[in-house]
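Beneath this line is the structure, given in structure tokens, with notes to follow.
The shown structure was predicted, so the numbers you read here are calculated from the model rather than taken from an experiment.
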Amino acid sequence: MKMIKGPAIFLAQFASDTAPFNSFDSICKWAAALGYEGVQIPSWDGRLFDLKKAAESQGYADELKGIAASHGLSITELSTHLQGQLVAVHPAYDAVFDGFAVPEVRGNPKARTEWAVDQVKSAIRASKRLGLTAHATFSGALAWPYIYPWPQRPPGLVEEAFDELARRWRPILDEADAHGVDLAYEIHPGEDLHDGVSYEMFLERVNNHRRANLLYDPSHFVLQQLDYLDYIDIYHERIKAFHVKDAEFNPTGRQGVYGGFQNWANRAGRFRSPGDGQIDFGAIFSKLTQYDYGSWAVLEWECALKHPEDGAREGAEFIRNHIIRVTEKAFDDFAGAGTDVAMVRKMLGIS
């Protein structure tokens, strides 16, 4: 069996204009001091990372790896969550999602999509230069506004949305394949790939593309009341990345899954720092270890209550305490009596 690597931390929620969170070197020094061994990089944040340079320059990629290594860290994955979101945007969200794009393509959905596709492809090439084999992203969404069928969805609407989603992602998946990089879609409400069924609908349309894989984040399954342990049993062969993020779901007579338009602190379902929610991470780490997941366990800090720096500090120890050092022998080896083929045949009554 393989041993899960970690702890690692996703830097997106911590990057800022204030030291030590405003440069790659200083934020790596901060993460290492907390006990982290890896960092997942948000590819859109120019304070930490230059995506264009990383895609085109091996020297720059090596420099980044060297900075991380100087602090005892590895780069775990690049993330294009924001750019992946823009690969497919329903017009209802054009205005709000324009903020994810560079100014020159805002107000132009076609140009914005082309920019987003180029961004994800650049991140794939950058991943190859960095020696990474998995890349974290979102699928985007065309059908999401119609998730709850009222009024009744017209026939063919969902099918056409997923056909189009597959058409947009297929060239990106082929680019990933050419560079030996798995796309790990984070299955997430707000994306058309928001649960197992929707992922399978997409997978069917890209002909089970070997690079159309998964980022496992159990918090999003708690909030939609999906069995996050059974999910591992079903999809373990496709899980290529792992976010450690906790959540809780406490429905009342006033609100449930949809949250009644409340802020995060007042929702029935809300994200929590690891260990503060309801997720059974002991079972998760056990299942992932059982299925030979040998990549990184990455803290994605999101909590409605706790300060992020406290969550980061506690998260390193939380992950380390859950990583299972795999055994090299069976627990009952002491009782082995030794045997050979003749003995085995005799035990079975085979002459």
Ring-plane angle category for [X] and [Y], please: parallel below 30°, perpendicular beyond 60°, tilted otherwise.
X: F242; Y: Y216; answer: tilted
X: F271; Y: W264; answer: tilted
X: H322; Y: F281; answer: perpendicular

Test of understanding: clusters of I, L, V, M, F, W, Y form through side-chain heavy atoms closer than 4.5 Å, transitively. Do [X] and [Y] belong to the same one?
X: L305; Y: V222; result: no
X: F249; Y: Y231; result: yes
X: Y148; Y: Y146; result: no
X: L223; Y: V244; result: yes

E175 and salt bridge (charged side-chain N to carboxylate O under 4.0 Å, His left out): which partner among R125, K128, R211?
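That would be R125; it is the only one of R125, K128, R211 passing the salt bridge (charged side-chain N to carboxylate O under 4.0 Å, His left out) with E175.
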By side chain to side chain donor-acceptor pair (under 3.5 Å), Y93 pairs with (sequence neighbours left out) none
Identify which one of Q262, E248, E302 satisfies the side chain to side chain donor-acceptor pair (under 3.5 Å) criterion when paired with R270.
E248
Under a 3.5 Å threshold, yes or no: a donor from one side chain and an acceptor from the other, between [X] and [Y]?
X: K245; Y: H220; value: yes
X: H81; Y: E186; value: yes
X: W301; Y: S273; value: yes
X: N266; Y: Q255; value: no
X: Q83; Y: S43; value: yes

Which Ile, Leu, Val, Met, Phe, Trp or Tyr residues join M343 in one cluster when any pair of side-chain heavy atoms under 4.5 Å counts as a link?
M347
Ion pair present between R129 and E56, side-chain N to carboxylate O less than 4.0 angstrom?
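Salt bridge absent between R129 and E56.
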Between D118 and K121, is the closest basic N to carboxylate O distance under 4.0 Å?
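Looking at K121 and D118, the cut-off is not met.
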Sequence neighbours excluded and cut-off under 3.5 Å, please list the side-chain donor-acceptor pairs for residues 166-173, or say none.
residue : atom : partner : partner atom : Å
R167    : NE   : E164    : OE1          : 3.0
R167    : NH2  : E160    : OE2          : 3.0
R167    : NH2  : E164    : OE1          : 2.9
R168    : NE   : E164    : OE2          : 2.8
R168    : NH1  : V87     : O            : 2.9
W169    : NE1  : S139    : O            : 2.8
R170    : NE   : D174    : OD1          : 3.2
R170    : NH1  : V206    : O            : 3.4

Flag, side chain of H71 to backbone of L73, donor-acceptor distance under 3.5 Å:
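Side chain of H71 to backbone of L73, a donor-acceptor pair under 3.5 Å: no, none is there.
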Would you say the side-chain atoms of D98 pair up with the backbone N or O of R106, donor to acceptor, closer than 3.5 Å?
no
Check the pair Y185 / F202 against ring pair (Phe, Tyr, Trp, His ring centres under 6.0 Å), numbers first and verdict last.
CA-CA 11 Å; Y185 293 104; F202 176 75; 5.5 Å; yes
